[in-house]
Amino acid sequence: QVQLVESGGGLVQAGGSLRLSCAASGRSFSSYATGWYRQAPGKEREFVTTINWNGLYTYYVDSVKGRFTISRDNAKNTVYLQMNSLKPEDTAVYYCAAGNPPGRAFIPNYWGKGTLVTVSS
């Protein structure tokens, strides 16, 4: 059983940076891959990135490669999403998820409630 709570969202200007955090509870957290999804207004929820259980493997969709970095600290039960060079199209509610396997076949088993990121032009 894993519970996830996102934080760090807010309003930022285009070109700026923001760091999201996802705090997890549950002793089994380190056994899961984790990832981030986002849902823009009026659009379907989309997959953004995942990281494997030990942080050695990451996967990003093309739209965020080179701008976003996912990381995790299992000792702190926390996963992060560093977002740089933000664009207005990055505006969305960002959701943290835990599941398996890592990579493009990621299947979430647990979800956070989301944190809103708004990028102004």
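Note that these values count all heavy atoms, side chains included, but never hydrogens, waters or copies made by symmetry.
Every side-chain contact (heavy atoms from CB on, under 4.5 Å) that Thr118 has, sequence neighbours left out, goes to Leu11, Thr91, Leu116. Residues satisfying the side-chain contact (heavy atoms from CB on, under 4.5 Å) test with Leu56, not counting sequence neighbours, are Asn52, Asn54. Ser85 is linked by a side-chain contact (heavy atoms from CB on, under 4.5 Å) to Arg67, counting only residues two or more places apart in sequence or in another chain.
Residue pairs meeting the ring pair (Phe, Tyr, Trp, His ring centres under 6.0 Å) criterion with at least one member in residues 51-87, sequence neighbours excluded: Phe47-Tyr59.
Cluster membership for Tyr110 and Leu81, using ILVMFWY side-chain heavy atoms within less than 4.5 angstrom, is not shared. Transitive grouping of hydrophobic side chains (ILVMFWY, heavy atoms separated by less than 4.5 Å) keeps Val5 and Ile51 in distinct clusters. The same ILVMFWY cluster, assembled from side-chain heavy atoms under 4.5 Å apart, contains both Val93 and Val12.
Atoms CG and OH, on Leu4 and Tyr95 in that order, are 13.5 Å from each other to the nearest 0.5 Å. Atom OG1 of Thr58 is separated from atom CZ of Arg72 by 12.0 Å, given to the nearest 0.5 angstrom. Interatomic distance, CG of Asn100 versus CD1 of Ile107, reported as 9.0 Å (0.5 Å rounding).
In terms of modelled atom types and a separation under 3.5 Å, the side chain of Glu6 and the main chain of Cys96 share a donor-acceptor contact.
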Throw together a table of side-chain donor-acceptor distances under 3.5 angstrom for residues 13-26, partners on residues two or more places apart or in other chains.
from, atom 1, to, atom 2, distance (Å)
Ser17, OG, Asn84, OD1, 2.9

Identify every side-chain donor-acceptor pair in residues 31-39 under 3.5 Å, counting partners at least two apart or on other chains, and give the distances.
from, atom 1, to, atom 2, distance (Å)
Ser31, OG, Ser28, O, 2.6
Arg38, NE, Glu46, OE2, 2.7
Arg38, NH1, Asp90, OD1, 2.9
Arg38, NH1, Tyr94, OH, 3.0
Arg38, NH2, Glu46, OE2, 3.3
Gln39, NE2, Lys43, O, 3.1

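The neighbour count for Glu89 CD, taken as heavy atoms of other residues, nucleotides or ligands under 6.0 Å away, is above 12.
Contact check for Thr50 versus Ile70: no side-chain heavy atoms found under the 4.5 Å cut-off.
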